Asks: 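Let me begin by handing over the structure; questions about it come next.
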Amino acid sequence: MKHIIFLNTKGGCGKSTLCEFSARELARTGHAVSVDNTDQQVHVTLSEIDNADFCLYDTAGAFTGANMELLKEASSENTLIIVPLLTSKNDFKEVPFLTSKLTELNLIDRTKFVFTNVRANSKSLIERREQMKALNLEVAKWTMPTLEDFREQRDTSRTRNEISHFLSEIVL
Ligand SMILES: Nc1ncnc2c1ncn2[C@@H]1O[C@H](COP(=O)(O)OP(=O)(O)O)[C@@H](O)[C@H]1O
Ligand SMILES: [Mg+2]
């Protein structure tokens with residue numbers, strides 16, 4: 001069983017969208033998937049879920065009590081933290097804080113940053129990649145393109161194709 005937590009203290013960076021599409025694609029390709037949301041449930045623990053190949057967790061955009069509980073458990077489990085990240089200056093400002101928190105929780109080695117809502121090879125993306133490299137942080141090669149199909153939560157060959165690239169690079 002693998003646990004995947006989508007986390008960022010910023011809202012609007014694609015946590016829910018990436019989580020939702022990933023769950024769908026994993027299920028479509030024959031995996032047993034469970035999805036939880038620390039936004040909606042008082043208690044989300046890693047151990048509650050049985051029989052799933054992948055447990056995905058969408059989270060509220062902060063280090064809330066529920067998120068902290070989940071993250072504390074995550075350190076002793078087979079867990080991956082995915083941090084979707086916009087390339088805007090404002091969102092990037094959050095990276096040092098996020099990094100220090102995840103380091104404190106001993107989770108930085110299990111963390112992958114993924115740039116979302118970007119144009120491949122845009123100037124800001126290239127700049128951000130260099131900054132991430134300087135900070136020694138792991139960033140996925142795959143970036144989530146801005147697509148109306150993502151925005152409208154459409155299950156299309158385009159979104160399936162994108163997400164399957166993401167999954168094979170980072171998750172599978
Ligand atoms: N790759 C994308 N292309 C276009 N729109 C996107 C993309 N990813 C997210 N969105 C849109 O951006 C908004 C924020 O995404 P969401 O997944 O809800 O972020 P979060 O859960 O981090 O707050 C939503 O309206 C969503 O539909
Ligand atoms: Mg959300």
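Everything quoted here is computed from the prediction, not taken from an experiment. Just follow the structure's listing: the first ligand is 1, and inside any ligand the first atom is 1.
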Asks: May I ask you to check whether G11 has an N/O atom sitting below 3.5 Å from an N/O atom of ligand 1?
Replies: no
Asks: Can a non-hydrogen atom of T116 be found less than 4.0 Å from any atom of ligand 1?
Replies: no
Asks: Evaluate the 4.0 Å heavy atom contact test for atom 5 (N) of ligand 1: does a protein atom fall under the cut-off?
Replies: yes
Asks: Output yes when a side-chain donor or acceptor of D149 lies under 3.5 Å from a complementary backbone atom of D155, and no otherwise.
Replies: no
Asks: Under 4.0 Å from atom 13 (C) of ligand 1, do we find at least one protein heavy atom?
Replies: no
Asks: Of all the atoms in ligand 1, which lie at a distance below 4.0 Å from a heavy atom belonging to K15?
Replies: 17 (O), 19 (O), 20 (P), 21 (O), 22 (O), 23 (O)
Asks: For ligand 1, which atoms sit closer than 4.0 Å to a heavy atom of M144?
Replies: 1 (N)
Asks: Pick whichever of L147, T17, D58 has a heavy atom sitting closest to atom 17 (O) of ligand 1.
Replies: T17
Asks: When you measure from atom 27 (O) of ligand 1 to each heavy atom in E162, E152, R151, which option holds the nearest one?
Replies: R151
Asks: Would you say the ring centers of F150 and F21 fall short of 6.0 Å from each other?
Replies: yes
Asks: Any N/O/S of T17 under 2.8 Å from the Mg ion (ligand 2)?
Replies: no
Asks: When you measure from atom 2 (C) of ligand 1 to the protein, is at least one non-hydrogen atom found at a distance under 4.0 Å?
Replies: yes
